[in-house]
Amino acid sequence: MAIIENTYRWDFTSTGTGQIIDARATAQALTFGLETSSNCTATLQIVHRMGSSAGPRSVLSTVVMSSRAFTTVQFLGPLELIAPRVTDKTANSTNTITVYLKGN
């Protein structure tokens, strides 16, 4: 059985980048669960940076989500500084996007 070393959840109601998580020296495999609420469409990215959280980030994955959808994205590491980014979403502020992270 895998031991979970990272777990986190981001909730978005607008576009932007979520809090950066430092996965150095912990998780070798990361699983992201991306979920949109009813009537919400969105474009999400998983971004990564090494060394420092400042500066440009590399896009590991881009996913276009439909309404009330769930998608899984997995990466093998090691990775360092990771975060989800919502680049586009339906304009209603009650629409939400939830991003889950599990790492081991």
Side-chain angles (χ1 to χ4, degrees):
M1 172 183 262
I3 297 172
I4 301 298
E5 296 176 350
N6 289 71
T7 185
Y8 201 79
R9 175 183 169 159
W10 296 266
D11 292 298
F12 293 90
T13 56
S14 63
T15 59
T17 303
Q19 178 182 346
I20 295 171
I21 299 301
D22 187 347
R24 287 181 276 213
T26 54
Q28 294 296 310
L30 299 169
T31 300
F32 288 86
L34 315 172
E35 185 172 26
T36 53
S37 66
S38 183
N39 299 318
C40 180
T41 59
T43 302
L44 290 94
Q45 296 178 330
I46 304 300
V47 296
H48 175 249
R49 171 88 179 154
M50 297 177 101
S52 165
S53 61
R57 295 177 180 95
S58 172
V59 176
L60 295 174
S61 179
T62 300
V63 179
V64 177
M65 303 279 297
S66 60
S67 173
R68 200 158 179 78
F70 185 85
T71 299
T72 302
V73 180
Q74 294 183 304
F75 302 101
L76 291 177
L79 295 174
E80 290 190 12
L81 305 163
I82 53 171
R85 177 168 55 203
V86 177
T87 61
D88 184 39
K89 112 177 220 335
T90 318
N92 188 337
S93 65
T94 62
N95 294 337
T96 59
I97 299 146
T98 303
V99 178
Y100 304 94
L101 166 67
K102 297 288 183 190
N104 66 354

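Please read all numbers here as calculations on a predicted model, not as lab measurements. One is the number of the first residue; the rest follow in order along the sequence.
- With values rounded to the nearest 0.5 angstrom, Arg57 atom CZ is found 14.5 Å from Met50 atom CE.
- The other residues sharing a hydrophobic cluster with Val59 are Val47, where clustering joins ILVMFWY side chains under 4.5 Å apart.
- Here the closest non-hydrogen pair linking His48 and Ile82 is CD2-CG2, 3.8 Å.
- Summarising the geometry of Ala83 relative to Gly18, their closest heavy-atom pair is CB-O, 3.6 Å, with the distance given to 0.1 Å.
- Formation of a donor-acceptor pair under 3.5 Å by the Thr36 side chain with backbone atoms of Ser66 is found in this model.
- A centroid separation of less than 6.0 Å is found between the aromatic rings of Trp10 and Tyr8.
- If you run side-chain contact (heavy atoms from CB on, under 4.5 Å) between Val86 and each of Thr43, Leu44, Thr13, Thr17, only Leu44 comes through.
- No single ILVMFWY cluster, assembled from side-chain heavy atoms under 4.5 Å apart, contains both Ile97 and Ile20.
- In this structure, Tyr100 OH and Thr7 OG1 are separated by 10.5 Å, a value rounded to the nearest 0.5 Å.
- Side-chain contact between Phe32 and Ser61 is absent, with no heavy atoms from C-beta onward closer than 4.5 Å.
- Listed for the Thr98 side chain is no donor-acceptor partner under 3.5 Å among the backbone atoms of Glu35.
- When all heavy atoms of Ser37 and Ser67 are compared, the closest pair comes out as O-OG, 3.8 Å.
- When side chains are defined from C-beta on, Arg49 does not count as touching Ser58, because their heavy atoms never get closer than 4.5 Å.
- Panel note: side chain Asn95, backbone Thr41; no donor-acceptor pair is recorded below 3.5 Å.
- No side-chain donor from either of Asn92 and Thr90 sits under 3.5 Å from a side-chain acceptor of the other.
- At least one side-chain heavy atom of Leu101 sits less than 4.5 Å from a side-chain heavy atom of Leu30.
- Tracing side-chain contacts under 4.5 Å through hydrophobic residues (I, L, V, M, F, W, Y), one reaches Leu60 starting from Val73; they form part of the same cluster.
- Sorted by first and then second residue, the pairs that involve residues 63-92 and meet salt bridge (charged side-chain N to carboxylate O under 4.0 Å, His left out), not counting sequence neighbours, are Arg24-Glu80.
- The shortest heavy-atom contact between Leu34 and Met65 is O-CE, 3.2 Å.
- In this structure, Phe75 CZ and Ile46 CD1 are separated by 5.5 Å, a value rounded to the nearest 0.5 Å.
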